[in-house]
Amino acid sequence: MRKIRTLLERYDRVIWIRFVGEFITGISGAMLAPFLILYLHEVFNGSVMIPMLVVSLQPFTEMLVTFLAGPYTDRVGRKIAINGSLFLQGAAMIGFVFADSVWMIAILYALNGAGRAIYIPASRAQIADQTSEDMRSEVFAVISAIGSFGMTIGPAAGLILYKSSPSLLFLLEGSALLIYFALCAAFMTETAPLNTGGNVKGSGIIPASAIRRPLSFYLPLIGFMLLSMPISLFYAQMETTYRLFSQDMFKDGVFALTLMSIAKAVFSLFVEIPLVKWSSKFTMRKIIGISYVCFALAAVGLGFSSTYIMLITTVLILTIGESIGLNHFLSFVGRMAPEDRRGTFFAIYGTHWDLSRTISPAIGGLIMLHAGGGLIFLGAGALLLVSLAIQQKIAGIAERSYLRTVPKNIPDSKRVVV
């Protein structure tokens, strides 16, 4: 009982709500994600380019909305932003059950993208609000591991439903998002921090004048974001063209995708949190080096894996890279961000995912049609290695720009970056 009580007390109630919500949406999302491209591929009569263009609409919408979403969550608070985004995503997913045209599917993708664009910076800023600096990477890793646990269940169940009734996958995902919305609306408290204007913590209202800074203030962060794009370009190809490329590499491509999802989930569940804790004392330069090399090896591995053993080995290398890299990158952004600009900082940094997922599927589809899928992932690996050293320098510039005036001997909740 003492161990259970200690575990419960380790995290704030808001964080526990996030854990529960990420778990239920992680399962439903894992049921849908591996088969979404295949579903659209069938709906559009075997077309390669139409599914890629439709899928690109969601991140394109996210990219447009993101520029408003960060400042929005800094002004109105995390709870309003998270609740609205979850409701919008849930409604869009249920709408897919009734969609019967390419235009309806495109509109629903755009609405879902808008919801995600609001949710992501608000949820990450909320974690930065509620956790100390030395706990942030751990909380990000726990949320990722919870999603991975869902991935151990989701793909196999999704495979069964996909073969019987694909529309049920959208219904389950929409229902899970609405349940998460209900939990947040009922039990989540506001976490927006006290600002210098005298607003009371929890009011969630921060005047626009308090969050305005010249563009030059954000340039180091923008540089760090742009040099993260090789990672998200690789992921975008993994989420789109690889779904089709795997059909050529394996006799049963659907089984290969399911195996890949389950293997990644199992590896993440057991190694992600230990790897984050082990690497927590590393410099950002070393974290970038390890993670980018792992991502490059994984990209080349996917391009040439033709056996299940090669595929599982590649997934293990990928898991090591993202465990050490992605969680610490988010913690790094949270550490750099002033308290009243956390939503804005996470929104700017997260833009690289939207940019990549907007431009990458169509480009990857063209390369796949004319040169084959292997070239896509070989090029992704080369791009990651080329950008490694530059990103290390950019991270150093960003760290000096935002952290040089932050004392090291005061609590994270009291720090002020000027």
Side-chain angles (χ1 to χ4, degrees), residues 22-23 25-42 48 51-52 55 144-166 168-170 172-173 176 231 234-275 294-326 361 364 368 372-374 376-378 380-381:
E22 297 288 342
F23 175 71
T25 56
I27 293 176
S28 59
M31 293 172 67
L32 175 62
F35 313 106
L36 183 57
I37 290 294
L38 297 179
Y39 172 75
L40 295 175
H41 186 59
E42 293 177 5
V48 172
M52 298 304 170
V55 169
S144 179
I146 288 172
S148 298
F149 182 77
M151 288 287 289
T152 63
I153 304 169
L159 179 61
I160 296 171
L161 289 178
Y162 177 74
K163 290 185 175 181
S164 60
S165 179
L168 284 177
L169 295 174
F170 293 103
L172 287 172
E173 170 71 345
I231 297 174
F234 167 46
Y235 272 83
Q237 293 303 321
M238 199 164 42
E239 294 164 357
T240 54
T241 52
Y242 187 75
R243 308 297 193 203
L244 303 180
F245 179 56
S246 64
Q247 310 304 302
D248 299 328
M249 296 296 289
F250 295 93
K251 185 176 180 179
D252 188 343
V254 174
F255 176 76
L257 291 175
T258 304
L259 178 65
M260 180 179 174
S261 297
I262 293 174
K264 185 175 182 304
V266 171
F267 288 144
S268 296
L269 188 62
F270 288 101
V271 307
E272 184 159 9
I273 295 176
L275 280 173
C294 286
F295 285 132
L297 291 173
V300 175
L302 283 184
F304 293 95
S305 292
S306 57
T307 67
Y308 295 132
I309 292 177
M310 290 175 65
L311 182 63
I312 291 173
T313 302
T314 297
V315 171
L316 176 59
I317 295 171
L318 172 65
T319 305
I320 294 171
E322 71 176 25
S323 297
I324 293 176
L326 300 188
M368 185 174 175
I376 296 172
F377 295 96
L378 185 62

Considering residues at least two apart in sequence or located in another chain, which fulfil the side chain to side chain donor-acceptor pair (under 3.5 Å) criterion with [X]?
X: E272; answer: S144, N327
X: S246; answer: none
X: S323; answer: none

Using 0.5 Å steps for rounding, measure from the OG1 atom of T314 to the CE atom of M238.
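T314 OG1 to M238 CE: 11.0 Å, rounded to 0.5 Å.
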For residues L318 and L302, determine if any side-chain heavy atom of one lies less than 4.5 Å from a side-chain heavy atom of the other.
no
Which atom of A263 lies closest to which atom of I312, heavy atoms considered:
CB-CG1, 4.5 Å
Looking at every heavy atom in both A299 and G381, which two are closest together, and how far apart are they?
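For A299 versus G381, the nearest heavy atoms are CB-N, 3.7 Å.
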Sequence neighbours left out, what passes side-chain contact (heavy atoms from CB on, under 4.5 Å) with [X]? Give chain and number order.
X: I320; answer: L275, C294, L316, I324
X: F23; answer: I27, I146, F149
X: L297; answer: V293, I317

Quick one: salt bridge (charged side-chain N to carboxylate O under 4.0 Å, His left out) pairs with a partner in residues 313-322, sequence neighbours left out?
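For residues 313-322, and leaving out neighbouring residues, the salt bridge (charged side-chain N to carboxylate O under 4.0 Å, His left out) pairs sorted by first residue read K264-E322.
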Pair listing, ring pair (Phe, Tyr, Trp, His ring centres under 6.0 Å) test, anchored in residues 248-267, at least two apart
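Ring pair (Phe, Tyr, Trp, His ring centres under 6.0 Å) check on residues 248-267 returns F250-Y308, F255-Y308.
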Taking ring-ring contact (aromatic ring centres under 6.0 Å, His included) as the definition, give me every residue that meets it alongside F295, ordered by chain and number, with sequence neighbours left out.
Y235
